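For reference, the structure discussed in these notes is given below.
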Amino acid sequence: MSTLSFSLAAGAFIAAAAAYLGSVMLSRRMALVAGPLGHLTLPGIALALLWGLDVSLGAFPFVLLGVVLIWWIEARTRLPMEALTALVFAAGVAIAFLLLPIEQAETALVGDIMQTGAGDAALSVAVSLTVVLVVRHTYRKLVLTTISEELSAAEGIDVKRYNLMYLLLIAVVVALGVKVVGGLLTAALVAVPPAAARNVAHNLRQYAHGAMAIGVMSALAGVLLSHLTDLPAGPLIVLVSITFFVISFPFTR
Amino acid sequence: MTIEPDDDIVLQVSDLEVVFEGRAVLSDLTFSVARGEILTILGPNGAGKTVLLRSLLGIVPYHGTITWQPGLRIGYVPQRLPYIRNMPLSVADFFELKTDATSDAPAMLDTVGLPPELAGHRIGDLSSGQFQRVLIAWALAGDPDLLLFDEPTAGVDVRGTETVYTLLSRLYRERNLTMLVVTHDLAVVHRLSSTVLCLNRKPVCHGPPLDILTPENLQRLYGTEVKFYEHEHE
């Protein structure tokens with residue numbers, strides 16, 4: 001198998017997991033949290049590149065720290081989220097550019113899905129598939145908790161546990177996503193496909209499946225376009241998904 | 001304390017206190033709810049009514065004890081669900097989110113006086129009156145013993161309000177319900193409740209509405225605003 005097929009497989013599975021979870025995140029206005037979380041991964045990506053590790057592995061501890069912080073702060077204080085995310089964003093970018101050799105900055109900023117080896121691809125596919133299965137298994141409860149914590153609690157759902165699990169899923173998706181689109185564009189991977197699907201979906205099933213389909217098609221098209229043009233894949237994937245959104249927009253219900 | 005499954009008491013709250021950032025938003029609250037009772041919790045905005053509901057549902061940390069009768073099925077009717085309109089969710093989808101539903105969406109819609117074909121409509125397309133009935137139907141789909149109801153009149157026009165009262169009274173009779181209704185609306189208290197608990201961060205009064213809702217108690221409940229208002233009109 002060629003590097004291209006590894007890139008296509010990893011890209012498609014990661015995009016599917018991100019869009020599926022994104023369909024829950026979008027309705028709680030959580031999708032944009034993936035942005036600062038992505039920025040927070042930049043120092044991790046820098047370290048991974050310095051040590052020759054997979055960028056997702058380097059990113060994961062940092063994004064995990066980010067979600068634990070969000071969970072802790074959300075539960076205990078009323079600090080304004082904007083101030084906090086701005087702080088996190090600035091710290092992530094600043095530390096990354098201190099550590100990062102400038103010739104490797106492109107990988108951190110726009111991803112390296114075109115350099116996917118067999119091991120990376122297998123890991124990405126396995127982790128993405130796990131995320132999809134976990135989200136599928138808990139989808140109704142995640143959606144209900146998103147709609148109302150009170151309703152979920154009255155249904156006997158352990159809201160705190162689900163919120164933590166939800167944030168951990170976001171952490172995994174962001175760590176995977178930085179490989180595909182880099183540290184600056186991860187929010188697009190979770191937000192744009194569900195936003196496009198929402199324009200045309202009549203019910204929840206169409207919405208979730210539509211988001212995954214648009215995510216996968218964008219990733220495949222972006223990787224192929226990158227292969228043909230030598231332009232970076234990450235921005236191409238994001239622009240293809242935005243094209244889907246623009247096409248779906250006139251059909252908004 | 002513990003409540004036995006065949007006790008008349010279904011909920012016992014003792015010495016409840018909820019503290020946010022060092023400030024008590026609820027304190028010294030002790031009350032119980034008997035099977036078949038309709039307890040309204042009356043208080044001005046900011047009196048801690050929503051905090052009380054969230055404590056009863058176990059999603060805010062509190063001191064004191066809240067004891068539910070074991071096995072009691074609770075249906076919760078929220079005031080509004082701000083995020084639900086962001087989702088392409090049909091009424092039938094919404095019912096599928098329920099973990100313990102015993103009846104399907106069209107049957108439950110019929111129970112609250114809505115046309116069963118509304119099940120295929122998107123939640124975002126419903127009127128506010130229809131949406132409130134859908135929320136009641138949703139709560140009833142789990143065949144609850146007790147309904148927790150947050151502000152039944154909010155956002156509904158006068159004609160809609162009338163029918164929601166009638167609907168609640170009918171459901172109460174047909175389904176052997178116990179109800180706990182949070183409201184700032186005196187009309188709800190008079191029409192529905194067997195007992196009223198007046199709350200303004202602390203309990204102000206507690207008993208049958210006709211005995212309890214005296215001008216003195218209402219002034220204590222609503223504080224200086226009522227005094228000031230009456231003064232101006234003299």
Side-chain angles (χ1 to χ4, degrees), chain A residues 22-32 73-79 137-164 191 193-211 248 251-253, chain B residues 20-23 50-61 68 71-101 105 119-125 135 138-142 144 146-150 180 182:
Chain A
S23 71
V24 182
M25 294 168 70
L26 191 64
S27 46
R28 192 149 69 172
R29 315 243 163 98
M30 277 289 282
L32 289 177
I73 288 168
E74 230 187 13
R76 275 169 190 76
T77 74
R78 291 181 189 165
L79 267 186
H137 186 66
T138 53
Y139 199 76
R140 294 193 306 176
K141 289 179 180 172
L142 284 175
V143 169
L144 189 61
T145 309
T146 291
I147 290 172
S148 160
E149 294 192 346
E150 288 86 352
L151 272 189
S152 298
E155 289 291 292
I157 296 170
D158 184 342
V159 173
K160 278 189 201 118
R161 212 186 63 178
Y162 268 84
N163 277 340
L164 183 61
R198 188 170 65 181
N199 286 341
V200 289
H202 292 247
N203 57 45
L204 202 58
R205 202 161 283 118
Q206 289 176 3
Y207 171 52
H209 293 176
S248 69
F251 301 98
T252 302
R253 289 171 37 92
Chain B
F20 281 155
E21 294 177 340
R23 212 162 52 101
T50 304
V51 174
L52 173 59
L53 275 186
R54 289 174 65 87
S55 321
L56 293 177
L57 290 168
I59 45 182
V60 293
W68 291 97
L72 190 80
R73 288 188 302 273
I74 300 165
Y76 171 65
V77 186
Q79 184 181 357
R80 50 190 201 97
L81 297 175
Y83 296 120
I84 201 167
R85 280 162 203 264
N86 295 336
M87 271 200 172
L89 198 71
S90 72
V91 173
D93 283 337
F94 184 44
F95 275 82
E96 275 182 32
L97 300 179
K98 201 160 173 71
T99 50
D100 60 350
H121 287 226
R122 251 170 81 150
I123 297 269
D125 296 338
L135 290 175
W138 199 88
L140 291 173
L146 180 141
L147 269 192
L148 281 179
F149 211 129
D150 193 2
L180 211 152
V182 160

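On a predicted model such as this, the values are computed, not experimentally measured, just so you know. Chain A is the first sequence line, chain B the second, and so forth, proteins listed ahead of strands; every chain is numbered from 1.
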Review point. Which region of A:S152, side chain (C-beta onward) or backbone (N, CA, C, O), has a non-hydrogen atom less than 4.5 Å from a non-hydrogen atom of chain B, or is it both or neither?
Key: neither
Practice item. Among B:D93, B:L97, B:I84, find the residue that satisfies the side chain to side chain contact (heavy atoms under 4.5 Å, CB included) test when tested with A:V143. Key: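 When B:D93, B:L97, B:I84 are each tested with A:V143, the side chain to side chain contact (heavy atoms under 4.5 Å, CB included) holds only for B:L97.
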Point to revise | Residue among A:E150, A:E149, A:E155 satisfying side chain to side chain contact (heavy atoms under 4.5 Å, CB included) with B:L57 | key: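 Among the candidates, only A:E150 passes.
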Roughly how far, to the nearest 0.5 Å, is [atom2] of [Y] from [atom1] of [X]?
X	Y	atom1	atom2	answer
A:R198	B:M87	CZ	CE	9.0 Å
A:N203	B:I123	CG	CD1	12.0 Å
A:L26	B:Y83	CG	OH	12.5 Å
B:F94	A:L151	CZ	CG	5.5 Å
B:R122	A:L204	CZ	CG	11.0 Å

Check your understanding: Which heavy-atom pair separates A:A201 from B:P88 by the least distance, and what is that distance?
Key -> O-CB, 3.8 Å
Point to revise | Partner set under side chain to side chain contact (heavy atoms under 4.5 Å, CB included) for B:R80, not counting sequence neighbours | key: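 Result, side chain to side chain contact (heavy atoms under 4.5 Å, CB included) vs B:R80: B:P82.
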**Study point:** Atom CZ of A:R205: over 12 foreign heavy atoms under 6.0 Å
**Key:**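 No, the 6.0 Å shell around CZ holds no more than 12 heavy atoms from other groups.
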Check your understanding: Can you name the ring-ring contact (aromatic ring centres under 6.0 Å, His included) partners of A:Y162, sequence neighbours left out?
Key -> none
